[in-house]
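Residue numbers begin at 1 in each chain, while the letters A, B, ... track the order of the sequences.
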Amino acid sequence: GQQVMQIPQYQHVQEGEDFTTYCNSSTTLSNIQWYKQRPGGHPVFLIQLVKSGEVKKQKRLTFQFGEAKKNSSLHITATQTTDVGTYFCAGPKNTGNQFYFGTGTSLTVIP
Amino acid sequence: DSGVTQTPKHLITATGQRVTLRCSPRSGDLSVYWYQQSLDQGLQFLIQYYNGEERAKGNILERFSAQQFPDLHSELNLSSLELGDSALYFCASSVRLGTGTTGELFFGEGSRLTVL
């Protein structure tokens, strides 16, 4: 079945260092979304990518959608303690309306 | 505040029991999704409803069932509970049936179920 894997599963960085999480799907995705879940919180929508090769930026966050629409990445420049949380990518199944979340990357920022 | 309301926030019960989790979507949202998140785990898709009809099923156990009512609120029923059912259950809503443009999901704060 369709799987959406993320690497790494965990990442510890010093404050100010950069961070990248990668999302890989076993099938082509029509679009991909990214969510952030703070510790003890609920997932919050960050962004959606639709086009092949699309790149979007939100302040220190850069999101990319692969040319083949099977992978995506989220890069954070100069991490801050407010970036702590788990970052999930998510995408729809090609057929039907199932919406799968990746395995998530838990980011810890050390002050 | 996402506009999605889930009750109860916390629930402690015993094995073999049955519980009902309730979700009120954002005003105007027709789609409701249910997800299960076990400790330090990802979000497992359970089921989706759109305007009262079941539209997609994920890894939902036969002991679990859900429905969406005419006023668009949804309930997730968990029966014959086992220790492994302890988890955070999230409801999310969306305007659209699918997840195309503007199909972002708005999550509630979750219902934490503990089965003893």
Is there a path from [X] to [Y] through hydrophobic residues (I, L, V, M, F, W, Y) whose side chains come within less than 4.5 Å of each other?
X       : Y       : value
B/Tyr49 : B/Leu61 : yes
A/Leu61 : A/Val55 : no
A/Leu49 : A/Val44 : no
A/Val13 : A/Tyr22 : no
B/Val4  : B/Leu88 : no

Is the closest side-chain heavy-atom distance between [X] and [Y] below 4.5 Å?
X        : Y       : result
B/Leu105 : A/Tyr35 : yes
A/Phe101 : B/Phe45 : no
A/His42  : B/Tyr35 : no

Neighbours of chain A found in residues 106-116 of chain B - heavy atoms under 4.5 Å: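 B/Phe107, B/Gly108, B/Glu109, listed by number.
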Can you tell me how far [atom2] of [Y] sits from [atom1] of [X], rounded to the nearest 0.5 angstrom?
X        : Y       : atom1 : atom2 : answer
B/Glu104 : A/Gln33 : CD    : CD    : 7.0 Å
B/Ser94  : A/Phe45 : OG    : CZ    : 10.0 Å
A/Phe88  : B/Gln37 : CZ    : CD    : 5.0 Å

Heavy-atom pairs under 4.5 Å with chain B, option from A/Pro43, A/Gly41, A/Gly40 with the top count: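 Most heavy-atom pairs within the cutoff with chain B belong to A/Pro43.
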Flag if over 12 foreign heavy atoms under 6.0 Å of CD, A/Gln14: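 Buried by this count: over 12 neighbours within 6.0 Å.
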Which donor-acceptor pairs under 3.5 Å do side chains of residues 103-111 of chain A form with protein atoms, sequence neighbours excluded?
residue: A/Thr103; atom: OG1; partner: A/Gln6; partner atom: N; Å: 3.0
residue: A/Thr105; atom: OG1; partner: A/Pro8; partner atom: O; Å: 2.5
residue: A/Thr105; atom: OG1; partner: A/Thr21; partner atom: OG1; Å: 2.7

